[in-house]
Amino acid sequence: MLKGRVFNYTEEFTLESGRSLPGFQLFYTTWGTLNEDRSNVVWVCHAFTGNAFVKDWWGDLFGEGKTFDPAKHFIVCANSLGSCYGSTGPLSLNPDTGKPYYHTFPVLTIRDVVRAFDALREHLEIEQINVLIGGSIGGQQALEWAIEHPEKVKRLVQVAGNARQSPWAIALNESQRMAIEQDITWQLATDDAGLEGMKTARSVALLSYRTYNSYNQAQREGSSDLKRIYRAASYQRYQGEKLAKRFNAYSYWQLSKIMDSHNVGRNRGNTEAALRQVKAETLVIGVDTDQLFPLVEQKYVTRYIPNATFQVIHSEAGHDGFLLETDQLSRHLDTFLQKKQQRKTWIPTVF
């Protein structure tokens with residue numbers, strides 16, 4: 001049975017920025033049982049607005065008879081710092097003031113998130129993660145973790161991720177933050193501040209998650225009636241409303257900043273040198289139509305990690321293909337996990 005728990009870190013937690021949190025909590029789930037030598041750990045890093053219940057969003061990969069079976073594996077997934085599904089974030093109470101952080105919550109980085117995850121790993125007395133997997137921002141976190149603690153990760157799987165956030169992705173995230181900041185309520189210290197702006201931000205984000213063809217297939221008009229609301233327009237509004245019912249603008253703003261901080265080469269010489277520090281057998285997977293994290297980024301990661309292989313998911317869905325094309329993803333994972341030794345796939349490319 002999938003179990004949810006809370007890990008409380010009670011010491012001062014210094015952030016990469018130099019600021020600190022007076023402790024934090026992480027909400028996390030476990031599924032399955034640790035074997036005797038604790039060698040069956042599968043750790044999952046969730047995507048942007050995801051949560052610790054991996055079955056909710058990658059259900060075709062996790063479960064009885066699936067690639068990651070709780071009868072065989074001990075599956076861990078923790079909600080990211082800064083998010084709003086049980087871990088410390090902007091809506092949490094600041095113990096120093098007794099009031100929610102809201103806008104005063106410190107800006108985090110990928111490394112801050114990973115350091116919090118690693119504190120949880122130590123708390124769970126897990127010496128080594130057998131498979132560390134994440135997609136999108138979760139893939140950024142997984143890669144950073146494998147570089148920061150190379151001895152702690154045996155196998156790394158990065159899906160639709162990269163080695164550093166591109167100017168293109170940063171520009172898209174800034175456009176979304178601008179939408180939130182234009183909401184007049186964003187200046188208020190309330191739980192629902194900026195929600196209308198976040199709806200627009202989500203609409204912008206969807207355009208980077210999907211593709212021209214995916215919209216043409218799913219949102220094509222069946223009528224030429226000028227009085228009707230266009231399906232694509234209705235869909236954008238629906239997705240904004242849907243997110244507003246389960247998320248908050250503070251966490252959305254915060255997580256987009258966390259993504260923008262991603263650069264494994266920071267203070268490590270350069271990106272290539274950082275990637276060479278990975279000791280894990282690595283599978284890098286990209287989506288052929290991904291406009292947010294295009295294939296050139298995954299090829300770059302594969303090129304410089306010493307023991308990496310590269311696979312492509314074919315999809316019309318764009319970036320969201322990493323969540324939707326689970327049959328292809330399962331096949332790539334099964335092949336990777338069944339191999340005792342991975343051979344290097346060298347892909348010359350320019351980033």
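Every value quoted in this text rests on a predicted model; they were computed, and no experiment measured them.
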Could you tell me whether [X] and [Y] make a salt bridge, using a distance below 4.0 angstrom between a side-chain N and a carboxylate O?
X: E144; Y: R268; result: yes
X: R121; Y: D118; result: yes
X: E16; Y: R266; result: yes

*Would you please test E241 and K199 for salt bridge (charged side-chain N to carboxylate O under 4.0 Å, His left out) and show each step?*
CA-CA 6 Å; E241 295 285 349; K199 294 176 186 178; 3.1 Å; yes
Go through the side-chain N and O atoms of [X] and [Y] and say whether any donor and acceptor fall under 3.5 Å apart.
X: R231; Y: Y215; result: no
X: E325; Y: S315; result: yes
X: Y102; Y: D191; result: yes
X: D192; Y: T190; result: yes
X: T10; Y: N8; result: no
X: E316; Y: N213; result: yes
X: S256; Y: R177; result: yes
X: Y230; Y: Q219; result: no
X: N51; Y: N79; result: no
X: Q140; Y: N162; result: yes
X: T29; Y: R5; result: no
X: D290; Y: H319; result: yes

*Among T67, V157, V131, whose side-chain contact (heavy atoms from CB on, under 4.5 Å) with F336 holds?*
V157
If only atom types and distance count, is the side chain of [X] paired as donor or acceptor with the main-chain N or O of [Y] below 3.5 Å?
X: S251; Y: G82; result: yes
X: S234; Y: I229; result: no
X: N94; Y: K99; result: no

Taking C-beta and beyond as the side chain, do [X] and [Y] meet within less than 4.5 Å on heavy atoms?
X: T109; Y: I258; value: no
X: F68; Y: V54; value: no
X: S166; Y: E297; value: yes
X: V41; Y: Q128; value: no
X: F13; Y: S20; value: no
X: P70; Y: W31; value: yes
X: H123; Y: Y9; value: no

Would you compute the distance between atom [atom1] of [X] and atom [atom2] of [Y] and round it to the nearest 0.5 angstrom?
X: N130; Y: S39; atom1: CG; atom2: OG; result: 6.5 Å
X: K279; Y: K154; atom1: NZ; atom2: NZ; result: 15.0 Å
X: R202; Y: L243; atom1: CZ; atom2: CG; result: 4.5 Å
X: L156; Y: L132; atom1: CG; atom2: CG; result: 5.5 Å
X: T326; Y: F62; atom1: OG1; atom2: CZ; result: 11.5 Å
X: F48; Y: H46; atom1: CZ; atom2: NE2; result: 10.5 Å

*asked:* Just checking R237: does its CZ atom have more than 12 heavy atoms from other residues, nucleotides or ligands closer to it than 6.0 angstrom?
replied: no
*Please answer: with hydrophobic residues joined when any side-chain heavy atoms are less than 4.5 Å apart, are W168 and F293 in the same cluster?*
yes
*Please walk me through it: do Q291 and Y209 pass side-chain hydrogen bond (donor to acceptor under 3.5 Å, both in side chains)?*
CA-CA 7 Å; Q291 301 174 94; Y209 298 160; over 6 Å; no
*Relative to the ring of F117, is the ring of W145 parallel (under 30°), tilted (30 to 60°) or perpendicular (over 60°)?*
tilted
